[in-house]
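Here, residue 1 is the first one in the sequence, and each next residue gets the next number. These figures come from a predicted structure and were not determined experimentally.
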Amino acid sequence: MIRTKHNIALLLVGFLLALAVNATQVCTTVTLVNKDLNGISGNSDSNVIAVGKDGNIAIWDGTAWSAMISPTTEDLLDVEVVDANTAFAVGKKGTILQLIGGIWLEQITPTDKELQGVWSDSAGEAWAVGKNGWVLYWNGTTWSDVSAAAQTDGKELTDAWGDSWSVYALNKDGVLHRYDRAAGTWDAPDTICKLGGGKFEDLWSDGAGNIYLVSKKNVYLHDGMTCTVLATANKDLLGIHGVAPTGQIVAVGKNSRVLEYDGTTWTETDEGIEEFRDVWVSRNGNAYYAGKKGELTSCQCIDCIVPGFLVIHDNFGIHCLDEIIRVEVIDVTSGNPYADYSGQLVLDTGSGIGSWSLVAGSGLFSDPLADGIASYIWPAGETFAEFALSYVEGPPVLDVDTFDTVDPGTRDDDGEGALVFSASGFSVTAAALSNPPPAVVTPFAGPVTSGTDFPLHITAYGQTPTDSQCGVIESYTGVQNLKFWSAYVDPGTGTVPVTIDGGVVATAEAAAAGQPVVFANGQASVLAKYKDVGRIQILLKDDSLAHPDLPGGIRGATAVFVSRPDRFVLSNIVNADANPNPAAVDANGPVFTAAGEPFAVTVTALDAEGDPTPNYGREAVPESVLLTPALVDPGGGNNPPVGAPIGFTVFSGGQATGNDFTWSEVGIIQLIPSVADGDYLGSGDVTGSASGTLGVSFHITSLPP
């Protein structure tokens, strides 16, 4: 990545560029106190903690570093951040601190020996290691000595690391002591990396059986069979950390040396002024360094891809019908599908109840217990997978969570809302269900084109107080009084309503009014239309009949789906002198503008009925429009892209104007509008016509002076 570095000692004192890999980062170095900082850890880009000499502790809140109140003056050597409320720090004379609700508290420990490494999974589990082979275990209440079980033989331990399956203690000679978290036992000491003459300082594991260690100038890979040198720096290395889903690994050391791996190559740079003692890398690709004389360096990624998960379901489940849960991998920065993620995904109902099965996806799926938790090894190149959740009993309200096993920060944002189960409800699908229905019923999930009618097939399904048989509730027949409403998801507000069979529906449940729908043997069909764009959901209920288990009525919904524009049109095409485009048809036609000179274009996103879609460009990650030139004359000439440093401004009412478009060649072109990133909210591209009034042609006869 290209890093722009600002070195600051309380105030800005310098600026330089450093070459790295992947993407652009701005690096800022500050000094709060002139005390060595030895360890750093975080759980997000708004919660990073560094610890050091004389008990100094500093925290990064996403914007700036600040000092934290410390209960000790002993030197602190390492820190492990669990979440915003929990962290552990260790240091000299057996010092252990725990962060509880923003306050650091000193704990009673069974040793006065120096502790050099710490790892924690939660407030109820932590491991600390240090000199004389000490291994301490925290069970949420007390620290106990487990050195004998670990078979450390009194040898100095320099660091600890853990993942879902293992905890590792590293001694200075490269010996690894592994605790099997599932079995609750220690393996025999692993001497694969005991190569002689080494001073192993730090380790990090990707959770897939690969352990990365630093000793002197080398980065080692322990793959379970061999211990090999991956890269060598010009200076001794002291710390290492990485991000498993992206393959990024960063090692740091003396003379502010940084050795970084982007998944393909290693690159060596200098990022600060003083020696770096430790590094932590966030799932967003941002790197944070702690070093001598209190140096704190934060490298914030400007254009990195940040993987995350999007969970999609219809919000209402039926106990005797499997609920379809769709999981998409996205770049959370742009909102677009992300095809380069690979890792182990965890699905969790949070209730300890439920079983999962794989519906669509080529990865390895596992659900050995009906405990609501399943795993899926996500293959690179796949952008979505679908799972069926069987939830026949248990707490009715669930929050389905998805996260990466190794990097739990790579997860969904809970934007899908709660999943509420009941004995019966409505299934809403794109096609009529057979009776009996298939084993897996997929809810309506779009996408649709704004301004077009689309059918919603509604089926009453489940069990009733008088019929315990699970299936289509055929007795639900005749004219039923249903209440429909819609929900704006992205953007979160709107001005255009959904219609059902031509009638406008409310945008909130409380305002939903009854509407007659004719059912035949438990099934019905209605026509919906939405004349705007974005992610929305259509919900319905029947609260006209008393139901002992469903006081709020029988309910159902579509999944959240995308409504996208039908097309784009271009208008108000004028040159720098505000003269309209004369639309030259051949080389003898009038000139519009000179090559390289700016011109203005207005674009409007339209629905299928020719009306503007006011929510276009108001998405959480705003969409825009790209102009692509189509060369008309000369037929075989050069056709460079349209230039635009700014391009279209903020959309309002589905329309935007750009004033800095340029084309650097001469000839006649037409402009084809399309979605700027080629993918409207994951539903694919949308284009406008380049012919007639939907395009523009201009004739350039001279180059600018």
Side-chain angles (χ1 to χ4, degrees), residues 1 20-24 163-165 204-212 219 221-225 228 230-231 240-250 260-267 281-287 301 303-312 324-348 356-367 373-388 400-413 621 677-679 681-685:
M1 57 198 79
V21 290
N22 277 343
T24 306
D163 55 35
S164 298
W165 303 276
W204 172 77
S205 169
D206 64 5
N210 299 308
I211 305 170
Y212 301 86
V219 176
L221 170 62
H222 180 303
D223 63 3
M225 300 292 292
T228 56
L230 291 182
I240 190 168
H241 194 262
V243 183
T246 62
Q248 183 181 1
I249 303 171
V250 181
E260 183 169 7
Y261 182 64
D262 67 351
T264 304
T265 58
W266 290 90
T267 304
V281 186
S282 77
R283 69 186 182 96
N284 298 348
N286 300 327
C301 194
D303 53 3
C304 287
I305 291 176
V306 183
F309 300 115
L310 184 67
V311 173
I312 299 172
I324 299 299
I325 310 291
R326 180 182 174 98
V327 180
E328 298 179 357
V329 183
I330 61 170
D331 168 18
V332 298
T333 303
S334 68
N336 289 333
Y338 178 56
D340 292 333
Y341 170 77
S342 61
Q344 181 166 278
L345 171 78
V346 173
L347 300 155
D348 189 359
W356 296 86
S357 59
L358 178 65
V359 175
S362 59
L364 181 62
F365 175 82
S366 177
D367 184 17
I373 300 174
S375 65
Y376 178 68
I377 298 178
W378 201 289
E382 192 172 279
T383 59
F384 78 92
E386 289 185 345
F387 307 91
V400 175
D401 283 323
T402 60
F403 55 88
D404 181 89
T405 303
V406 177
D407 182 16
T410 299
R411 61 188 309 118
D412 69 288
D413 64 359
V621 179
D677 57 16
D679 193 354
L681 295 180
S683 69
D685 204 356

Trainee: Going by distance alone, is a donor N or O of one side chain under 3.5 Å from an acceptor N or O of the other, for Asp679 and Asn336?
Mentor: no
Trainee: Just verifying a value: how many Å separate Asp401 CG and Leu347 CG, rounded to the nearest 0.5 Å?
Mentor: 10.0 Å
Trainee: Work out which heavy atom in Ser205 is nearest to a heavy atom in Asp163; give both atom names and the distance.
Mentor: OG-OD2, 3.6 Å
Trainee: Of all heavy-atom pairs between Val250 and Gln248, which one has the smallest distance, and what is that distance?
Mentor: CG2-NE2, 4.1 Å
Trainee: Looking only at non-hydrogen atoms, find the nearest pair between Trp378 and Ala385 and report the distance.
Mentor: CH2-N, 3.6 Å
Trainee: Do the rings of Tyr376 and Phe365 sit parallel, tilted or perpendicular, given the 30° and 60° boundaries?
Mentor: tilted
Trainee: For Arg411, which residues count as a salt bridge (charged side-chain N to carboxylate O under 4.0 Å, His left out) partner, sequence neighbours excluded?
Mentor: none
Trainee: Could you please spell out the steps behind the side-chain contact (heavy atoms from CB on, under 4.5 Å) verdict for Trp266 and Val219?
Mentor: CA-CA 10 Å; Trp266 290 90; Val219 176; 3.9 Å; yes
Trainee: Could you give the distance from CD1 (Ile240) to CD1 (Ile211), rounded to the nearest 0.5 Å?
Mentor: 11.5 Å
Trainee: Return yes if some donor-acceptor pair links the side-chain N/O of Glu382 with the main-chain N/O of Ser362 below 3.5 Å, else return no.
Mentor: yes
Trainee: Between Ile373 and Asp348, does a side-chain contact (heavy atoms from CB on, under 4.5 Å) hold up when you go through it step by step?
Mentor: CA-CA 5 Å; Ile373 300 174; Asp348 189 359; 3.5 Å; yes
Trainee: Would Tyr341 and Asp404 count as a side-chain contact (heavy atoms from CB on, under 4.5 Å) here? Give the steps.
Mentor: CA-CA 10 Å; Tyr341 170 77; Asp404 181 89; 2.6 Å; yes
Trainee: Would a 4.5 Å heavy-atom cut-off, applied to side chains only, mark Phe384 and Ile312 as touching?
Mentor: no
Trainee: Does Tyr338 reach the side chain of Val332, with side-chain heavy atoms less than 4.5 Å apart?
Mentor: no
Trainee: Side-chain contact, heavy-atom cut-off 4.5 Å: Phe387 with Leu358?
Mentor: yes
Trainee: Could you tell me which non-hydrogen atom of Pro379 sits nearest to which non-hydrogen atom of Ser342, and how far apart they are?
Mentor: C-CB, 4.5 Å
Trainee: Considering only heavy atoms from C-beta outward, does the side chain of Ile325 approach that of Thr402 to under 4.5 Å?
Mentor: no
Trainee: Grab the two heavy atoms, one from Thr410 and one from Pro307, that are nearest each other, plus how far apart they are.
Mentor: CG2-O, 3.6 Å
Trainee: Tell me the closest heavy-atom pair linking His241 and Val281, and the distance in Å.
Mentor: ND1-N, 3.1 Å
Trainee: Are Val329 and Phe309 close enough, and set up right, to give a side-chain contact (heavy atoms from CB on, under 4.5 Å), and what steps lead you there?
Mentor: CA-CA 5 Å; Val329 183; Phe309 300 115; 3.8 Å; yes
